[in-house]
Student: 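Handing you this structure, nothing more for now.
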Amino acid sequence: MTLSKRLIFSFMILMLFASLVAACGGEPVQLSDKDADFVLALPRLVVDIDSDGVPSVAGVSPRLLSLLGVDISQFAMDPAYVEWFTQANVQHIELVQKDDGIYIFVNGVLMPHLGWSSDELNNLADALTKLKIVKPEFETVLNLVIPIIQHTGLDIALRFPKQPTAEEIPLRDPNAPIVVPTKQEAENSVAIVKARITFDENGVPSILGVSTQDLTDAGLADLRGVGLAPQTIENLQVAGIHKVTVRTTPEGLIFWINDEQLPYLVWGDEYLNQAADLYAQLYFMPGYEQQRELVKTLLPMLDQVDGEVTLEFPK
């Protein structure tokens with residue numbers, strides 16, 4: 001392909017993308033820092049999934065997109081999931097990425113979601129690199145992407161077929177601000193769960209000086225399969241990771257590696273109740289009565305649990 005043809009092709013793709021974004025309408029996702037050196041904020045993009053799981057964007061069919069070299073067939077959804085969502089009356093799922101996290105809406109209702117700050121994203125990237133979860137050739141890309149994520153606003157809504165008799169549920173107003181949860185005062189805890197678990201060089205865990213091997217040798221429980229592989233312990237030592245902490249608070253589930261906080265799961269009483277309602281909506285089948293009751297009872301109580309688990313590894 002000659003350079004001129006490539007330019008024409010690239011221009012057509014750019015024009016198509018611009019047309020799709022323009023067709024969506026609405027305001028761009030609101031970001032906190034609009035004066036940064038790099039800012040990318042786009043309006044909501046609606047993707048319609050048909051009963052066969054085939055997506056179309058702003059009314060443009062996959063066939064037309066494929067003629068322009070954009071193949072979205074690889075993003076097709078399993079029809080079984082589409083049918084499940086239709087039966088459960090899940091009409092749309094929306095993901096909104098902002099500079100402080102990724103918000104998840106189901107039928108316009110906000111669910112527990114992922115929250116972060118710039119430091120927490122950088123800490124996550126650092127941990128992934130140290131643990132060699134990211135291949136060396138992608139480390140540079142990761143370090144370049146993290147700052148971009150912090151200044152990018154995206155909004156993607158997946159819309160599914162609805163039951164013929166179901167009333168249509170409108171998408172949330174994209175121009176309305178997303179209400180950030182306020183700090184909650186800690187109420188009386190319904191439970192206190194705290195544990196400090198130490199691992200030796202062989203990956204055997206211990207609590208209060210009693211290891212799983214001790215319990216197995218005493219015949220109290222067969223816990224020979226509980227623990228970490230020695231290679232995992234060695235990898236953690238090489239990465240300089242000697243402590244992992246998970247803590248529950250009224251605002252969410254917070255994670256630390258050593259003493260550096262990572263992105264966290266944002267919840268609150270309202271979000272947890274809405275998540276419990278969604279579980280009941282998805283698992284409406286007769287065989288799930290007890291599970292629905294259990295989730296409805298326990299899930300909203302998570303923000304009232306005073307919990308902290310610390311895993312300590314050999315330095």
Side-chain angles (χ1 to χ4, degrees), residues 16-32 40-62 64-65 72 75-115 152-182 266-285 292 295-296 299-300:
L16 174 62
F17 180 74
S19 301
L20 293 177
V21 171
C24 297
E27 296 291 330
V29 174
Q30 296 297 312
L31 299 176
S32 300
L40 175 63
L42 301 176
R44 179 167 60 200
L45 186 67
V46 179
V47 180
D48 287 296
I49 311 293
D50 67 15
S51 57
D52 295 322
V54 179
S56 60
V57 182
V60 180
S61 68
L64 178 57
L65 291 173
I72 63 172
F75 300 108
M77 181 178 289
D78 188 338
Y81 285 106
V82 178
E83 183 181 2
W84 180 25
F85 290 161
T86 300
Q87 291 178 351
N89 198 33
V90 173
Q91 297 186 14
H92 40 79
I93 298 174
E94 183 177 6
L95 302 177
V96 181
Q97 177 185 303
K98 298 181 63 180
D99 41 11
D100 59 352
I102 296 180
Y103 296 80
I104 304 173
F105 297 86
V106 179
N107 285 353
V109 177
L110 185 57
M111 297 288 144
H113 52 276
L114 190 64
T152 300
L154 301 175
D155 186 347
I156 299 177
L158 304 179
R159 199 158 49 186
F160 306 101
K162 70 179 185 68
Q163 301 173 25
T165 57
E167 183 177 350
E168 183 173 354
I169 302 173
L171 290 164
R172 72 173 189 93
D173 182 2
N175 301 326
I178 299 175
V179 179
V180 179
T182 57
V266 181
W267 67 35
D269 185 66
E270 181 181 359
Y271 298 162
L272 290 171
N273 274 286
Q274 288 166 176
D277 291 339
L278 176 62
Y279 180 89
Q281 183 176 347
L282 286 170
Y283 293 92
F284 59 89
M285 293 74 81
R292 288 195 296 267
V295 170
K296 186 63 178 176
L299 191 59

Student: If you look at every heavy atom in Ile93 and Phe85, which pair is closest and at what distance?
Tutor: CD1-CE1, 4.2 Å

Student: Give the minimum heavy-atom separation between Phe160 and Leu158, together with the two atoms involved.
Tutor: CE1-O, 3.7 Å

Student: Taking the side chain as everything from C-beta on, heavy atoms only, tell me whether Val82 gets closer than 4.5 Å to Pro161.
Tutor: yes

Student: Evaluate the side chain to side chain contact (heavy atoms under 4.5 Å, CB included) criterion for residues Arg159 and Gln91: first the C-alpha distance (whole Å), next the side-chain angles of each, then the deciding distance (0.1 Å), finally the verdict.
Tutor: CA-CA 6 Å; Arg159 199 158 49 186; Gln91 297 186 14; 5.8 Å; no

Student: Would you say that Pro55 contacts Ile49 through its side chain, given a criterion of any heavy-atom pair below 4.5 Å between the two side chains?
Tutor: yes

Student: With a 3.5 Å distance limit and no angle check, can you tell me whether Asp52 reaches the backbone of Val54 through a side-chain donor-acceptor pair?
Tutor: no

Student: Check whether any side-chain heavy atom of Val96 sits under 4.5 Å from a side-chain heavy atom of Arg172, and report yes or no.
Tutor: yes

Student: Any side-chain to backbone donor/acceptor pair from Arg292 onto Met285? Under 3.5 Å, distance only.
Tutor: yes

Student: Look only at the side chain of Asn107 and the backbone of Asn89, and say whether a donor-acceptor pair between them is shorter than 3.5 Å.
Tutor: yes

Student: Is His92 reaching over with its side chain to a backbone N or O of Ile169, donor-acceptor style, under 3.5 angstrom?
Tutor: yes

Student: Backbone N or O of Asp155 within a donor-acceptor pair of the Glu94 side chain at under 3.5 Å?
Tutor: no

Student: Would you say that Leu45 contacts Leu42 through its side chain, given a criterion of any heavy-atom pair below 4.5 Å between the two side chains?
Tutor: no

Student: Taking the side chain as everything from C-beta on, heavy atoms only, tell me whether Trp267 gets closer than 4.5 Å to Leu299.
Tutor: no

Student: Look up atom CG in Leu114 and atom CG in Asp100, then write down how far apart they are to the nearest 0.5 Å.
Tutor: 10.0 Å

Student: For Leu31 and Ala41, which heavy atoms make the closest approach, and how far apart are they?
Tutor: CD1-CB, 4.2 Å

Student: Count the heavy atoms of every other residue, nucleotide or ligand shown that sit under 6.0 Å from CD of Glu83, and state whether that count exceeds 12.
Tutor: no

Student: Report yes if the distance between the aromatic ring centroids of Trp84 and Phe284 is under 6.0 Å, otherwise no.
Tutor: no

Student: Grab the two heavy atoms, one from Pro79 and one from Ser51, that are nearest each other, plus how far apart they are.
Tutor: CB-O, 3.8 Å

Student: Do side-chain atoms of Glu27 reach the backbone of Pro174 as a donor and acceptor pair under 3.5 angstrom?
Tutor: no

Student: Hey, are the side chains of Leu154 and Arg44 touching, using non-hydrogen atoms and a 4.5 Å cut-off?
Tutor: no

Student: Give the minimum heavy-atom separation between Ala88 and Gln281, together with the two atoms involved.
Tutor: O-NE2, 2.9 Å

Student: Measure the shortest side-chain to side-chain distance between Ile102 and His113 over non-hydrogen atoms and say whether it is less than 4.5 angstrom.
Tutor: no

Student: How long is the straight-line distance from CE of Met111 back to CD of Glu270, given to the nearest 0.5 Å?
Tutor: 10.0 Å

Student: Which atom pair, heavy atoms only, marks the closest approach of Pro112 to Ile104?
Tutor: O-CD1, 4.0 Å

